[in-house]
Structures are given as structure tokens and as C-alpha cells.
Undergrad: 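Quick one: structure below, then a few questions.
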Amino acid sequence: MEKLGKTKWWSVDNDVNNLIEDDSIVEAAQLLQQNEVVAFPTETVYGLGGNAYSDEAIKKIFAAKGRPTDNPLIIHIYSQEQLNEIVASVPKVAKQLIETFWPGPLTLILPKGKQVSERATAGLKTVAVRMPNHPVALAILERANIPIAAPSANRSGKPSPTTAKHVIADLNDKIAGVVDGGRTGIGVESTVVQIDGENVTILRPGGITREQIETIIGKCHVHESVLTDIHSPQSPGMKYTHYAPLAPLYVVYGNEHQLHEWIAKERAKGHRVGILTTTENVNAYKADRVLACGSRSELSTVAEQLYATLRQFDRENVDVIISESFPKEGIGVAIMNRLEKAATKMIV
Ligand code: TXA
Ligand code: MG
């Protein structure tokens, strides 16, 4: 274990047997039981965990992130018993989704159980819950044996962290510790779905695609705020700026030709221009900094690297970032949702 100021850092090997006996996991779980906040990897992004039953722990999460208190948190669990503890009921369609996608990047909004801190759900009668598919997250949850509220472990408004270093860049000295389990796999957050009787509606696109959900339950709705980016109070997190790098981000819907025009326009103003592209086009642009974010032929690689690439631009001293856009299908829906929310301007 290392110590960076007030924040502890544990490196763990994801592949060791019996992770729940590992010293780092034991210590991290103890801190969580003492209502401290600790960051850890999940299969999507790093989360900042705190005891879901403790107002004190939840207050610490909101304070460390600088998160508005009306934006509720996702509760992470490792077992069916824990699910029954934190929700009032599980509709049939939710059971089907759980059977297929848990552990995994799918968050369900269900009627709230009594014990969960009102602060964690921002006073709502519903609670967001998921079982993460990451050995470190599951070991911490099992060892602590309490449901853990965990938003992404970034300062509010910034891109989510996909490495422990990103967590420290945002939260050093503000949290008790971070468990380093390497780079996260999926790279964008879980899909958040609302369950209303037998109706399922995607509030936030993410690691599980609409297509995957529809193979299990037939029709799945998509909330209008996802389709049109009109801000709505349905999922309170939707009304804030998110995932934003320091420089303004322009997302171009169109061909390379339009992108070149915008580069020329910005450079004529004396601006240093950064380009967010993929390996296929990395040599196609004349700009001050060109970063490849995965490969267009495999959109999951774009998702994996999206937040790290946005964070990289913060270190490149550019005045504006111009990004290509991606097809809104499969994981591309989540990628474009994050880019649109991070964008200052959409160029059609
Ligand atoms: O992949 C993930 O989901 C990551 C990892 C750490 O698990 N967590 C994450 O949490 O992305 P956060 O707090 O950054 O995003 C939670 C989202 C927000 O958009 C929030 O508004 C929504 O879930 N949410 C939480 N509770 C809700 C509720 N009761 N009703 C509607 N939306 C809710
Ligand atoms: Mg977040």
C-alpha cells in the first residue's frame, strides 16, 4: 500500500485466487464499513464507493465529487440477498434482465427498500441497482457485506475515470483510498433502465445495448432525452453538463471535408486545434494534435478509450477539440450520448 497525501493506494492483481482475503481488499472493505469512501474498478469505469445505508458516507461521496445533491447514486451489490434488502419488489421483467445480464453493466431502477439512505436516492421512491462484473468490485462488495453506493469516481462534470490515476487526478486527498485494478474494460458506464410494469425504458445508454435487451424482452423503449438530448427531470443526472474536457468540444456530424473546413476556420482564429479521430484517420488531418481513440471498425475500442482520450486533451494545451462522430448503433449509441453531453457545439 502506498499513501498519496491522505489517500491510500492499493495495487491488486485481478487474477489472484481468493481475492476477498487479499490485504488490500480487506482494508478497503473495512474503511467502507467505517463509512469512509473508497474508489475501486468496475467493468465500466472506476466507482467511488460508500455505505448505502449511511447518510454520513453518502455525504462524503457528494462532497468529494462536488456532485449536486439531487442527482441520485447507483447501489452496487454482489448477491440476490442484497437485492432483496434494498428494493421493495422485483417485477417479472426485471428478473428476466437480471438473469441474463448480471453481473454486468445494466442498472435497474426499482422501488426503493426502507434501509437505503434517502440521500443516496436524492429523496426518490426508486433506487438504482446493479451487480458489477469485475473481480475486484465483487470481492470488495462481498468482504464489506453492505450494499455500496458508487457513482463514477470523477469530479462532477469531468470525464469518468478508467484508471486509478484518473481517480487520483480528480480526488486525491478527498477520499480515503483507491484500489488500482488496472484499466477498466468497457470504458463507458452501465445502461440505466427504468421498469414500469412490463415496460422497460433506457434512461442512459451504456455497456448493454438496446439490441441486447430486446433479444430478451422484445420491445425496449428509449427515453426521449437520450434520442434528442432534450433535458428532462426523468433521470436527474441528465440535466447537468457531463464528461467535459477543459477545451470546448465540437462534434461534427458529417464527412471529413466538413471537419477540414472547421479546422481551417479555427486555425485562422489562431486557435490550437485538437482532433479526436480513430486509427483509420489518424494521418488524414493537419491540426496541432491528433489523437486516435480506438478503431472505427470495432466501436467497443472507441468506448474503451473515449474518456482517457478526452482527459489526454486536457494535457495537450489545445484551444478547441474537434471530434468525428460515430454511428448510433450498438455501443455507438452510448459513445455518441457521452460526446453530445460533453460537447459545447454540435456541427451538423
Ligand atoms: O457504470 C456505472 O454505472 C458506474 C459504475 C461506477 O458502476 N456508475 C455510474 O454512476 O455511472 P453515476 O452516479 O455516475 O451515474 C448514475 C446515473 C445518473 O444518471 C443518475 O441520475 C441515474 O443513474 N439514477 C440513479 N438513481 C436513479 C433513480 N432512482 N431514477 C432515475 N435515475 C437514477
Ligand atoms: Mg458519472
Side-chain angles (χ1 to χ4, degrees), residues 37-50 52 58 61-62 64-77 86-88 101-113 116-134 136-138 140-141 147-162 166-167 170-171 178-179 181 184-196 201-208 223 225-226 231-244 303 307 334 337-338 341-342:
V37 295
V38 174
F40 56 83
T42 78
E43 78 279 35
T44 57
V45 301
Y46 274 71
L48 177 61
I58 303 302
I61 291 177
F62 280 97
K65 282 182 60 80
R67 182 177 176 111
T69 53
D70 62 349
N71 191 3
L73 310 178
I74 296 171
I75 315 299
H76 295 62
I77 57 168
I86 66 167
V87 305
F101 296 114
W102 279 9
L106 181 71
T107 295
L108 304 177
I109 310 289
L110 296 172
K112 176 184 173 303
V116 177
S117 160
E118 302 253 337
R119 279 178 193 273
T121 60
L124 296 175
K125 291 195 166 62
T126 52
V127 61
V129 54
R130 86 176 189 99
M131 189 183 290
N133 187 17
H134 191 289
V136 171
L138 289 170
I140 290 173
L141 289 167
I148 298 293
S152 48
N154 49 283
R155 280 291 285 178
S156 194
K158 300 257 287 171
S160 300
T162 52
H166 296 159
V167 175
D170 281 15
L171 302 177
V178 56
V179 182
T184 60
I186 293 173
V188 292
E189 297 85 344
S190 63
T191 302
V192 178
V193 299
Q194 187 172 31
I195 314 275
D196 185 9
T201 306
I202 295 179
L203 300 182
R204 178 180 74 179
I208 298 289
H223 194 261
S225 61
V226 178
H231 294 166
S232 142
Q234 200 75 9
S235 184
M238 289 172 177
K239 69 177 189 241
Y240 300 104
T241 317
H242 267 325
Y243 321 113
Y307 291 138
N337 171 263
R338 305 311 190 267
K341 284 184 183 295

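It should be emphasised that the depicted structure is a prediction, and the values quoted were computed from it without experimental measurement. Ligands are counted one by one from 1 in listed order, and the atoms in each one are counted from 1 as well. Numbers for residues simply follow the sequence, beginning at 1.
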Undergrad: Would you check whether H76 has a nitrogen or oxygen atom less than 3.5 angstrom from a nitrogen or oxygen atom of ligand 1?
TA: yes

Undergrad: If you measure from CE on M131 to CZ on F101, what distance do you get to the nearest 0.5 Å?
TA: 14.5 Å

Undergrad: Answer yes or no: does an N/O atom from N71 fall short of 3.5 Å to an N/O atom of ligand 1?
TA: yes

Undergrad: Indicate, with yes or no, if the rings of Y243 and Y307 have centres closer together than 6.0 Å.
TA: yes

Undergrad: Is a donor on one side and an acceptor on the other found under 3.5 Å between the side chain of T42 and the backbone of T44?
TA: yes

Undergrad: Within the structure provided, determine whether I195 and L110 are in side-chain contact (heavy-atom separation under 4.5 Å).
TA: yes

Undergrad: Can you check whether L108 reaches R130 side chain to side chain, under 4.5 Å on heavy atoms?
TA: no

Undergrad: With a 4.5 Å limit on heavy-atom distance, are the side chains of I86 and V129 in contact?
TA: yes

Undergrad: Show the atoms of ligand 1 that are less than 4.0 angstrom away from any heavy atom in T126.
TA: 28 (C), 29 (N), 30 (N)

Undergrad: Can you tell me if P132 has a non-hydrogen atom under 4.0 Å from ligand 1?
TA: no

Undergrad: Taking only non-hydrogen atoms of R67, do any sit less than 4.0 angstrom from ligand 1?
TA: yes

Undergrad: In ligand 1, which numbered atoms sit nearer than 4.0 Å to a non-hydrogen atom of S152?
TA: 8 (N), 9 (C), 10 (O), 12 (P), 14 (O)

Undergrad: With a 4.0 Å heavy-atom cut-off (strictly under), which part of K65 contacts ligand 1: side chain, backbone, both or neither?
TA: neither

Undergrad: Quick test of your reading of the structure: of L106, I109, D70, L110, whose heavy atom lies closest to atom 28 (C) of ligand 1?
TA: I109

Undergrad: Indicate yes or no: at least one non-hydrogen side-chain atom of T121 is less than 4.5 angstrom from one of K112.
TA: yes

Undergrad: Please test T191 against I202 for side chain to side chain contact (heavy atoms under 4.5 Å, CB included), starting from the C-alpha separation and ending with a verdict.
TA: CA-CA 7 Å; T191 302; I202 295 179; 4.1 Å; yes

Undergrad: When you measure from the side chain of E43 to the backbone of N133, do you find a donor-acceptor pair of N or O atoms at a distance under 3.5 Å?
TA: yes

Undergrad: What are the atoms of ligand 1, with element, lying closer than 4.0 Å to any heavy atom of L124?
TA: 28 (C), 29 (N), 30 (N)

Undergrad: Is there a nitrogen or oxygen of R130 sitting under 3.5 Å from a nitrogen or oxygen of ligand 1?
TA: yes

Undergrad: How does A150 reach ligand 1, by side chain, by backbone, by both or by neither, if only non-hydrogen atoms under 4.0 Å count?
TA: backbone

Undergrad: What do we get for T44 next to ligand 1 when only non-hydrogen atoms under 4.0 Å count, side chain, backbone, both or neither?
TA: side chain

Undergrad: Establish, from distance only, whether the side-chain atoms of T107 and S190 form a donor-acceptor pair under 3.5 Å.
TA: yes

Undergrad: With the side chain counted from C-beta on, respond yes when E189 and S160 share a heavy-atom pair under 4.5 Å apart, and no when they do not.
TA: yes

Undergrad: If waters are left out, how many protein N/O/S atoms lie within less than 2.8 Å of the Mg ion (ligand 2)?
TA: 1

Undergrad: Within a strict 4.5 Å, meaning less than it, do heavy atoms of the R204 and R338 side chains meet?
TA: yes

Undergrad: If you count the atoms of ligand 1 from 1 in the order shown, which ones are under 4.0 Å from a heavy atom of G47?
TA: 6 (C)

Undergrad: Any side-chain heavy-atom pair from I61 and L73 closer than 4.5 angstrom?
TA: yes

Undergrad: Which atoms of ligand 1 are found less than 4.0 Å from any heavy atom of P151?
TA: 10 (O), 12 (P), 13 (O)

